[in-house]
Chemist: 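Sharing a structure here in structure tokens format.
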Amino acid sequence: MKVAVDNRGYYGKFGGAYIPEMLYPNVEELRQNYLSIIGEESFKKEFDHLLKTYVGRPTPLYFAQRLSEKFKAKIYLKREDLCHTGAHKVNNTIGQILLAMRLGKQKIIAETGAGQHGVATATVCALMGLECIVYMGEVDIARQKPNVERMRILGAEVRPAKSGSKTLKDATNEAMRHWINNPVDTHYIIGSVVGPHPYPDMVARFQSVISQEIKWQLKEAEGTENPDYIVACVGGGSNAAGAYYHYLDNKDVNLIAVEAAGLGNNSGESAATTVLGRPGVLHGSKTLLMQTDDGQVVEPYSISAGLDYPGIGPIHAHLFDSGRAQFYSVTDEEAMKAGILLSRLEGIIPAIESAHALAALGQMDFSKDDVVVLNLSGRGDKDLETYIKWGRY
Amino acid sequence: MSTIIIKNRIEQLFEEKKERILSVYFTAGFPDLNDTSEIMRHLQDSGADIIEVGIPYSDPVADGPTIQESNKVALDNEISLKLIFEQLKNIRKSVDIPIILMGYINPVLQYGVEDFCSKCAEVGVDGLILPDLPMQEYMDEYQEVFKAHGLLNIFLITPQTSEARINEIDQNSMGFIYMVSSSSTTGAKSGISSSQVDYFNRVKSMNLKNPVLIGFGISDKESFDQASEYAAGAIIGSAFINVLKKAENLQTEIKTFIQSIKGIN
């Protein structure tokens with residue numbers, strides 16, 4: 001089985017470009033140009049150079065000795081938390097802004113939930129001198145104050161999304177509406193492997209640097225490119241897509257996706273889309289979606305704002321549907337405990353998103369020689385307040 | 001199988017009437033849950049030519065604040081697609097002008113495309129506007145079942161739509177083409193500017209096989225008259241929602257509004 005997007009923008013049954021005609025010219029312009037632009041030598045050179053000198057890549061693949069002893073496997077952490085701005089998100093925003101500039105766009109818009117993608121977008125806009133507007137749900141603005149101010153310091157305008165539930169899904173709606181109203185000079189930097197084709201494929205390609213590095217780094221450390229497991233959290237799923245990318249067709253490597261179960265999958269307060277969702281269409285693609293019987297999108301819940309999304313990228317819906325990836329759910333409680341555990345065992349405070357991936361280790365059965373790569377997608381600085389509020393450390 | 005072939009009411013209308021066709025959109029289940037069929041009767045009685053019934057959705061990305069809010073109110077009123085069909089069950093006893101359902105694709109998918117289409121045919125719906133159903137998907141997966149149930153699928157074009165694509169849309173359209181007047185969501189802009197007039201003229205000169213109705217930003221007699229100069233007529237949505245929102249007596253206020261648009265005193 002080859003996991004790749006087909007020429008209609010589908011991964012198996014999922015994907016496509018379900019967009020109103022008002023967005024068609026923009027999305028079509030991207031679709032026609034993205035592969036040739038990101039294949040250009042000058043693009044690759046500039047992208048690689050910025051990833052190296054600005055983002056700080058390659059990020060280390062760190063053998064976590066004490067964590068390994070705890071879970072009785074050889075556990076490596078891919079340190080995306082050490083990227084500039086504190087998470088993997090910037091890999092994608094660097095790629096997309098270089099692409100946008102080659103398409104002649106002068107303005108950038110983005111959506112953000114917790115603010116990580118917003119900060120990563122504001123950062124590259126400052127770097128390139130482009131105007132930046134970030135849509136953020138009014139509810140999220142109130143609960144993610146430091147990231148709002150980071151974006152403002154970087155020169156971005158943060159616009160509150162006041163519609164619907166006033167969170168990430170509505171920020172995405174508002175960004176799409178902005179794009180409808182400003183179709184010519186603006187590029188929309190979507191932050192995950194969601195949205196209409198070609199976004200899921202484009203974002204996955206920009207994030208694929210993660211698995212590209214894992215391959216040679218693991219070869220150096222273990223003498224093989226292939227781990228037995230790759231573990232990553234999935235909200236929209238961009239860090240997971242990047243960590244899986246170069247292993248998608250290698251069946252020897254088990255792909256583990258970890259979703260947020262909030263207060264529990266039966267509690268009515270969860271964001272575990274593969275458990276609670278059905279096929280549907282949101283934000284331009286057909287995917288698994290949390291919704292009512294009547295097809296209204298349901299507001300999910302997780303303690304982690306980055307996993308608090310009612311859908312997943314179509315690539316992940318396909319990995320789930322085809323059985324290529326195994327999906328686990330982790331509750332708020334389990335994730336917070338795993339966050340403290342990593343802090344105590346390895347001296348690394350993870351983002352609560354990444355702590356979900358860590359917590360899944362406790363649900364898995366390893367043989368002693370199993371090599372596990374866990375994508376530590378972000379650092380916990382932004383979550384300090386959540387850790388403090390949780391309090392049990 | 002015996003099927004009675006009746007001419008689609010939309011096609012019938014455009015055969016009989018060539019200008020100043022007024023299509024009016026409103027959201028089902030708004031302002032009150034069970035206003036749907038009453039509003040439709042008043043629209044017909046006041047002189048509207050086509051009724052577009054909006055299927056409320058939690059995430060209406062092509063809509064501006066006015067229609068978003070009406071969607072939200074209707075959903076809070078606990079409208080559902082199932083209930084809309086219930087409300088339309090006897091509509092053909094009192095309304096004989098064309099009825100179009102307009103909404104986003106996800107509720108239709110959850111209802112089941114086949115079931116949705118047969119229910120539409122059963123209650124007497126003539127056409128569908130599903131803005132986030134792309135033309136290619138429509139042709140690959142939906143066209144056959146829509147046609148089997150006598151439903152015309154109405155496509156949108158915008159100022160950014162290329163001439164080649166407009167021609168392609170025209171080839172695959174039946175009924176009419178919904179010409180979005182500006183690059184915007186619904187209700188965002190009011191009035192008609194000179195660059196819009198250029199666009200209207202450009203499309204008019206293409207001599208499309210389908211008639212065109214202009215929508216988005218049509219809110220009063222002046223904009224309706226202007227739009228009618230370049231197309232077979234126009235569509236009003238947000239402005240009518242604003243009337244409904246404030247209406248104390250639906251019958252009189254719908255009548256006053258529709259007649260003010262048409263210029264009947």
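Proteins come first, then strands; the chains are lettered A, B, ... in the order of their sequence lines, and each starts at number 1. Note that this is a predicted model, so its numbers are computed, not measured.
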Chemist: Hey, are the side chains of B:D140 and A:R8 touching, using non-hydrogen atoms and a 4.5 Å cut-off?
Modeler: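 Contact flag for B:D140/A:R8 side chains = yes.
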Chemist: Roughly how far, to the nearest 0.5 Å, is the OG atom of A:S163 from the CD atom of B:E69?
Modeler: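 Those atoms lie 11.5 Å apart.
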Chemist: Indicate yes or no: does B:R165 engage A:E21 in a salt bridge with an N to O separation below 4.0 Å.
Modeler: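 Yes, charged N to carboxylate O under 4.0 Å.
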Chemist: Looking at every non-hydrogen atom in both residues, tell me the closest pair between A:M22 and B:A62 and how far apart they are.
Modeler: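 Where A:M22 meets B:A62 most closely, the heavy atoms are CE-CB, 3.6 Å.
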Chemist: Of the non-hydrogen atoms in B:Y57 and A:L282, which two are nearest, and what is the gap between them?
Modeler: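 Where B:Y57 meets A:L282 most closely, the heavy atoms are OH-CD1, 4.2 Å.
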Chemist: Would you mind checking which part of A:K162 comes under 4.5 Å of any heavy atom in chain B, side chain (CB onward), backbone (N, CA, C, O), both or neither?
Modeler: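 Contact with chain B is absent: no heavy atom of A:K162 under 4.5 Å.
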Chemist: Is B:I157 close to chain A through its backbone or its side chain, or both, or neither, when contacts mean heavy atoms under 4.5 Å?
Modeler: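 The backbone, not the side chain.
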Chemist: Search all heavy atoms of A:Y18 against all heavy atoms of B:I105 and return the closest pair with its distance.
Modeler: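 Heavy atoms of A:Y18 and B:I105 come nearest at CD2-CG2, 4.2 Å.
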Chemist: In Å, rounded to the nearest 0.5 Å, how long is the span from OG of B:S182 to CG of A:N181?
Modeler: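 If I round to the nearest 0.5 Å, the distance is 7.5 Å.
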Chemist: Between B:P134 and A:A17, what is the shortest heavy-atom contact and its length?
Modeler: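 Looking at all heavy atoms of both residues, the shortest contact is CG-O, 3.0 Å.
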Chemist: What part of B:Q68 gets closer than 4.5 Å to chain A, counting heavy atoms only: side chain, backbone, both or neither?
Modeler: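 Answer is side chain: those atoms of B:Q68 sit under 4.5 Å from chain A.
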Chemist: For A:E28, which atoms come within 4.5 Å of any heavy atom of chain B: side chain, backbone, both, or neither?
Modeler: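 Contact with chain B involves no heavy atom of A:E28 at all.
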Chemist: Side chain, backbone, both or neither: which part of B:L109 has a non-hydrogen atom closer than 4.5 Å to chain A?
Modeler: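 Contact with chain A is through the side chain of B:L109 alone.
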Chemist: Can any side-chain N or O of A:N173 pair as donor or acceptor with the backbone N or O of B:D59 at less than 3.5 Å?
Modeler: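 Not at all, since once roles are kept as given, no pair shorter than 3.5 Å links the two residues.
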Chemist: Should we say atom NZ of B:K209 is surrounded by more than 12 heavy atoms from elsewhere, each under 6.0 Å from it?
Modeler: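 Above 12, so yes.
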Chemist: Examine whether an atom of A:P279 lies under 4.5 Å from a heavy atom of chain B, and if so say whether it belongs to the side chain, the backbone or both; otherwise answer neither.
Modeler: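 Just its backbone gets close to chain B.
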Chemist: Considering only heavy atoms, which portion of B:I79 lies under 4.5 Å from any heavy atom of chain A: side chain, backbone, both, or neither?
Modeler: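 When you check distances to chain A, only backbone atoms of B:I79 fall under 4.5 Å.
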Chemist: Measure from the side-chain N and O atoms of A:R177 to the backbone N and O of B:P60, and report whether any donor-acceptor pair falls under 3.5 Å.
Modeler: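 A pair under 3.5 Å: yes.
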Chemist: Who wins among A:M176, A:K169, A:H178 for the most heavy-atom pairs under 4.5 Å with chain B?
Modeler: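 Maximum pair count with chain B is reached by A:K169.
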Chemist: A:L289 versus chain B, heavy atoms under 4.5 Å apart: side chain, backbone, both or neither?
Modeler: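 For A:L289, the contact with chain B is made by the side chain alone.
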Chemist: Sort A:V184 into side chain, backbone, both or neither according to what part of it lies under 4.5 angstrom from a heavy atom of chain B.
Modeler: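 For A:V184, side-chain heavy atoms alone lie under 4.5 Å from chain B.
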Chemist: Is the side chain of B:S58 donor-acceptor paired with the backbone N or O of A:V297 at a distance under 3.5 Å, no angle test?
Modeler: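 Indeed, once roles are kept as given, a pair shorter than 3.5 Å links the two residues.
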Chemist: If I measure from the heavy atoms of chain B, does A:I180 come under 4.5 Å with its side chain, its backbone, both, or neither?
Modeler: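 For A:I180, heavy atoms of backbone and side chain both lie under 4.5 Å from chain B.
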Chemist: Considering all heavy atoms of both residues, which atom of A:D294 and which atom of B:Q110 are nearest to each other, and what is their separation?
Modeler: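 So the minimum-distance heavy-atom pair works out to C-CB, 4.4 Å.
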Chemist: Please indicate whether A:D185 has more than 12 foreign heavy atoms, meaning atoms of other residues, nucleotides or ligands, lying under 6.0 Å from its CG.
Modeler: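 Yes, CG of A:D185 has more than 12 neighbouring heavy atoms, counting only those of other groups under 6.0 Å.
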Chemist: Using non-hydrogen atoms only, which part of A:Y24 is less than 4.5 Å away from chain B: side chain, backbone, both, or neither?
Modeler: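 The answer is the side chain of A:Y24.
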Chemist: Contact part of B:Y111 toward chain A, heavy-atom cut-off under 4.5 Å: side chain, backbone, both or neither?
Modeler: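 Nothing of B:Y111, per the 4.5 Å heavy-atom cut-off to chain A.
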Chemist: Tell me, for A:N26 versus chain B, whether the close heavy atoms (under 4.5 Å) come from the side chain, the backbone, both or neither.
Modeler: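 Neither part; nothing is under 4.5 Å.
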